[in-house]
Protein chains: 2
Amino acid sequence: MTTQRAEQRRLTEHRILTAARKLFSANGYDRTTIRAVATEAETDPGLVMRYFGSKENLFSRVARIDADEPIAGTPDEVADAVLVSLTDKLGDEPVAALAMLRSMLTHPDASRGVHNFMTEQQQQIAATLPRPDATLRAGLMMSVLLGTVVGRYLIKVEGLDDAIPEEIGDLLRPCFRALAGGDAGSAAAE
Amino acid sequence: MTTQRAEQRRLTEHRILTAARKLFSANGYDRTTIRAVATEAETDPGLVMRYFGSKENLFSRVARIDADEPIAGTPDEVADAVLVSLTDKLGDEPVAALAMLRSMLTHPDASRGVHNFMTEQQQQIAATLPRPDATLRAGLMMSVLLGTVVGRYLIKVEGLDDAIPEEIGDLLRPCFRALAGGDAGSAAAE
DNA sequence: ACGTCGAGTCAACACGCGATGACTGAAAAA
DNA sequence: TTTTTCAGTCATCGCGTGTTGACTCGACGT
């Protein structure tokens, strides 16, 4: 059985992690203070430090973008796979990812984290596109994905912040299809 | 004629503004210090304060996204207009806009600035799209634009960071066309 | 020539931050 | 019961920040 103390500690750690996720994703790394996290978690700054060592460490425990499933298939299948991974993220607020995304432009670790995630996905996608500009196309697909998530959750673009994922997915499908290049973009020549 | 003193002041102010633009766009608001700006401008922190009043004020003098020309026309024309405003921004590094964009996720003023710009453009676009989901479509167009600029200059997505604007524009044209909804997206129904 | 103005310099203030370490008291082990 | 362990508390340190005000001194107006 778990002792009273172990259980108490588990609960407190959990409160701290939840508070950290919330504040990091709402305010970013620099504007989130250990003291604010402690207050939100109804505990003490010293305890946060003891349990997690440093602010950096706490952030890395809380901010993460889970890798999607491997991507492969025909260009159209790839486009749809990216679309699915997008609508997944649009389903319900991915707090851990938002903690990362909120700080990606100002905090070096978060920047690396996002860059790594995007590059990983991008390379998988590019490998399936039989084109000389595959890397650029894959990079644009990831950029569209990024822009959509940032627009919805962080910038709160009107109409995008409260749209249902399916509708967004339907509107974006032609984009990903065109970027994947299954068929020539309509009216490409001029 | 301009006096020596007036000229000297003009030069120093200019060095400060250039330094501030550079540092704000590279490191964001919070991680840019008045001292660092002064050092970069080869002057004194006190002088920066005297000339610009406060860090906030200096930021607002330096970070701006110039409004694009009004958008109107048929859906396809609107799509192309957005595309042009994008390729313009991809032409050469828009330092003043990057100062704004770099801080948009963590600094309230920058957030407002980007939000205002996007909403403004979005409303112009939406007004030209004869669709019930015009706002969402326009919002997605702006989100794609945002994602592309952020991906190129701030995240530095591989292949996107050094691509020529025309190539990016060509790849993105079908996206904006589809979002503008001039014709039905290919394979929309299933 | 003389007094004024203003560009530039410097030291210091008040504040909030991450981090440290000593302390308390109750639960756990002996 | 006695001893040890550890969750939780608290005061405090060192540092970097934005900001202030006093000071210098060469250019300017008269």
Side-chain angles (χ1 to χ4, degrees), chain A residues 1-24 26-63 99 102-103 106-110, chain B residues 1-24 26-63 99 102-103 106-110:
Chain A
M1 79 167 245
T2 63
T3 65
Q4 258 188 60
R5 274 213 289 228
E7 177 67 4
Q8 191 53 238
R9 159 131 192 187
R10 206 186 57 78
L11 287 175
T12 304
E13 274 194 8
H14 184 263
R15 286 205 317 277
I16 293 174
L17 287 171
T18 303
R21 244 186 306 267
K22 173 177 171 183
L23 294 182
F24 278 134
N27 308 321
Y29 183 85
D30 289 327
R31 299 199 171 214
T32 298
T33 67
I34 293 288
R35 292 163 213 254
V37 171
T39 301
E40 174 78 24
E42 294 181 305
T43 180
D44 189 87
L47 208 58
V48 177
M49 292 302 296
R50 178 125 66 86
Y51 287 169
F52 297 96
S54 70
K55 186 183 175 182
E56 280 290 350
N57 217 307
L58 176 61
F59 181 76
S60 73
R61 279 287 304 274
V62 142
R102 174 75 74 181
S103 303
T106 43
H107 187 284
D109 285 7
Chain B
M1 77 167 247
T2 62
T3 65
Q4 259 188 58
R5 275 212 290 230
E7 177 66 4
Q8 191 53 238
R9 160 132 192 186
R10 205 186 58 79
L11 286 175
T12 303
E13 274 194 9
H14 183 263
R15 285 204 318 276
I16 293 174
L17 288 171
T18 302
R21 245 186 306 266
K22 173 178 171 182
L23 294 182
F24 278 135
N27 308 320
Y29 183 86
D30 289 327
R31 297 197 172 217
T32 298
T33 66
I34 293 288
R35 291 164 214 258
V37 171
T39 300
E40 173 79 23
E42 294 181 302
T43 181
D44 189 88
L47 208 58
V48 176
M49 292 303 296
R50 180 126 66 86
Y51 288 169
F52 297 96
S54 71
K55 186 183 175 182
E56 280 290 349
N57 218 304
L58 177 60
F59 181 76
S60 74
R61 277 288 302 275
V62 142
R102 174 75 75 181
S103 302
T106 42
H107 188 284
D109 285 7

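Naming: A, B, ... by sequence-line order, numbering from 1 per chain. For the numbers below, each heavy atom of this structure counts, side chains included, while hydrogens, waters and symmetry mates do not.
Listed by chain and number, the residues in a side-chain contact (heavy atoms from CB on, under 4.5 Å) with A:Ala110 are A:Phe59, A:Met100, A:Ser103, A:His107 (sequence neighbours excluded).
Looking at heavy atoms from C-beta onward, A:Lys55 lies in side-chain contact with A:Tyr29 at the 4.5 angstrom threshold. You'll find the side chain of B:Phe52 reaches within 4.5 Å of the side chain of B:Ile16, heavy atoms only.
Side-chain atoms of A:Thr32 come within 3.5 Å of backbone atoms of A:Leu23 as a donor-acceptor pair (strictly under, hydrogens ignored).
Surrounding CZ of A:Arg15 are more than 12 heavy atoms belonging to other residues, nucleotides or ligands, all under 6.0 Å away.
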Per-nucleotide protein contact string for nucleotides 5-17 of chain D (B base, S sugar-phosphate only, - none; heavy atom under 4.0 Å): BBBBBB------B
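Between the CG atom of A:Leu23 and the P atom of C:dC17 there is a distance of 12 Å, given to the nearest Å. Across the protein-nucleic acid pair, A:Met49 atom CE and C:dT20 atom P stand 6 Å apart, rounded to whole Å. Counting to the nearest Å, the P atom of C:dG8 and the CD atom of B:Gln4 are 12 Å from each other.
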